[in-house]
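Report on the following structure.
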Protein chains: 2
Amino acid sequence: MAQYQAAPLENLVDQFEKMPGIGHKTAQRLAYYVLNLSKTEAEALAKAVTDAHEKIRYCSRCCNLTDSELCPVCKSPARDHGVICVVETPRDAAAVENTHEFKGVYHVLHGAISPLNDVGPDNLTIKQLLARLGNDSVSEVIMATNPTVEGDATAMYISKLLKPMGVKVTRLAYGIPVGGDLEYADEYTLAKALEGRNEI
Amino acid sequence: MAQYQAAPLENLVDQFEKMPGIGHKTAQRLAYYVLNLSKTEAEALAKAVTDAHEKIRYCSRCCNLTDSELCPVCKSPARDHGVICVVETPRDAAAVENTHEFKGVYHVLHGAISPLNDVGPDNLTIKQLLARLGNDSVSEVIMATNPTVEGDATAMYISKLLKPMGVKVTRLAYGIPVGGDLEYADEYTLAKALEGRNEI
């Protein structure tokens with residue numbers, strides 16, 4: 001293929017192929033899509049890439065992605081700044097936001113403690129979280145890290161740091177997913193769902 | 001989400017979401033991938049988009065995509081210019097090229113005749129194909145349009161134009177795919193495979 005396809009096309013396919021979850025065939029489809037765009041559309045796409053990369057930075061309070069000093073959530077007077085939901089990534093914050101159930105604010109760790117991947121507490125934004133607790137009157141910190149070994153370890157680590165500060169630390173509930181099928185739930189999830197059963 | 005995510009990020013997600021086969025979640029994953037690129041990498045991606053769009057044009061002979069007057073295949077003295085493989089899209093030409101079995105040249109129609117989608121013979125590069133037959137000493141034209149109603153109709157239409165010119169027109173064989181399972185082959189494919197059976 002290398003000699004067969006024109007270099008600029010080959011280069012674009014390579015660029016797409018580097019993206020997560022994009023294989024060679026999808027990369028080719030995307031490259032042909034780009035070729036079929038109008039000049040304006042192609043320029044808009046290229047500009048969106050550079051713009052996002054140049055303008056997006058971390059919110060100085062919650063470390064989520066934003067294009068200003070503070071992110072829209074941290075800026076909003078309508079949010080409850082006394083409840084902080086701690087998540088691993090900006091995508092996790094977006095997932096919680098999509099429930100439309102959470103009215104507090106976020107704190108994005110940008111990862112989870114994982115000795116295997118050389119990620120320790122110092123690589124996360126834990127210091128910034130502690131600083132927020134010193135300044136603001138925070139009533140509750142919800143640990144919404146992923147239900148994985150790394151996420152659990154991170155949640156435990158942070159809760160041990162926060163408890164001496166007298167702040168309430170909670171963890172997302174484990175259980176069977178809504179619309180799921182008991183038969184297909186794994187034994188650990190089912191055990192957690194039993195353990196956390198509520199009176200109806 | 002619109003108020004929640006920063007505008008440049010939102011814009012990038014929108015751009016990715018327009019691409020074929022990319023849903024909202026994948027678009028978000030790709031956007032975060034772009035944010036995690038280094039400045040140089042992000043610029044290379046943006047440049048690949050504009051470059052491909054600016055530099056890629058149709059080969060003046062076979063109408064495939066290229067960045068020069070003639071595509072590498074049409075330029076190559078090692079290819080058999082007397083055998084033309086007619087395909088619907090550049091991706092189909094790439095698929096044939098990937099077999100490493102075809103030593104002839106291509107002709108890309110950029111579509112198939114489809115009255116429902118307002119695509120008639122004049123919207124395809126059929127005129128250019130006829131011009132090639134006038135100039136070159138072509139011994140065979142292989143119709144490698146898709147095995148669909150539109151592809152078949154296009155192959156029939158073109159073969160009717162070519163036959164009076166005394167050129168041999170062939171069509172890709174229909175049959176069961178290699179590694180396939182008879183049980184799962186649809187009845188039309190199986191009927192075609194029976195019809196086209198060969199002595200062993």
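Below, read A as the first sequence line, B as the second, and so on, with proteins coming before strands; counting in each chain starts at 1. Please read these numbers as outputs of a predicted model, since none were measured by experiment.
Each of B:M156 and B:V87 belongs to its own hydrophobic cluster when Ile, Leu, Val, Met, Phe, Trp and Tyr are linked at side-chain heavy-atom distances under 4.5 angstrom. Note on B:V149 and B:L109: separate hydrophobic clusters, where clusters join Ile, Leu, Val, Met, Phe, Trp and Tyr whose side-chain heavy atoms are under 4.5 Å apart, directly or indirectly. B:L70 is not connected to B:L129 by any chain of hydrophobic side-chain contacts under 4.5 Å among Ile, Leu, Val, Met, Phe, Trp and Tyr, and they are in different clusters. Under the 4.5 Å side-chain heavy-atom criterion for Ile, Leu, Val, Met, Phe, Trp and Tyr, B:L45 and A:Y32 are members of distinct hydrophobic clusters. There is a path of hydrophobic side-chain contacts, each under 4.5 Å, that joins A:F102 to A:V169.
Heavy-atom pairs under 4.5 Å with chain A were tallied for B:E54, B:K39, B:H53; the largest tally goes to B:H53. With chain B as the partner, the residue from A:D14, A:L37, A:L9, A:T66 showing the most heavy-atom pairs under 4.5 Å is A:L37. When each of B:L30, B:T50, B:N36, B:I22 is checked for heavy-atom pairs under 4.5 Å with chain A, B:L30 comes out on top. Note on A:S68, A:A7, A:A46: by heavy-atom pairs under 4.5 Å with chain B, the leading option is A:A46. Chain A forms the most heavy-atom pairs under 4.5 Å with one residue out of B:V34, B:T89, B:D51, and that residue is B:V34.
Looking at A:A31, there are no atoms closer than 4.5 Å to chain B (heavy atoms on both sides), in backbone or side chain. The parts of A:K18 that come within reach of chain B are both its backbone and its side chain, each placing non-hydrogen atoms under 4.5 angstrom from that chain. For A:I56, the part lying under 4.5 angstrom from a heavy atom of chain B is the side chain only.
When all heavy atoms of B:A52 and A:L12 are compared, the pair lying nearest together is CB-CD2, 3.6 Å. Contact between A:Q15 and B:A44 at its shortest, heavy atoms only, is NE2-CB, 3.6 Å. Contact record, B:V49 with A:A42: CG1-O, 3.6 Å, taken as the closest heavy-atom pair.
With rounding to the nearest 0.5 Å, the separation of CZ in B:R29 from CE in A:M19 is 11.0 Å.
More than 12 heavy atoms of other residues, nucleotides or ligands shown are found within 6.0 angstrom of CE on A:M165. For B:K163, the NZ atom sits in a loose shell: 12 or fewer heavy atoms of surrounding residues, nucleotides or ligands are nearer than 6.0 Å. Counting non-hydrogen atoms of neighbouring residues, nucleotides and ligands closer than 6.0 angstrom, the NZ atom of B:K47 reaches no more than 12 such neighbours.
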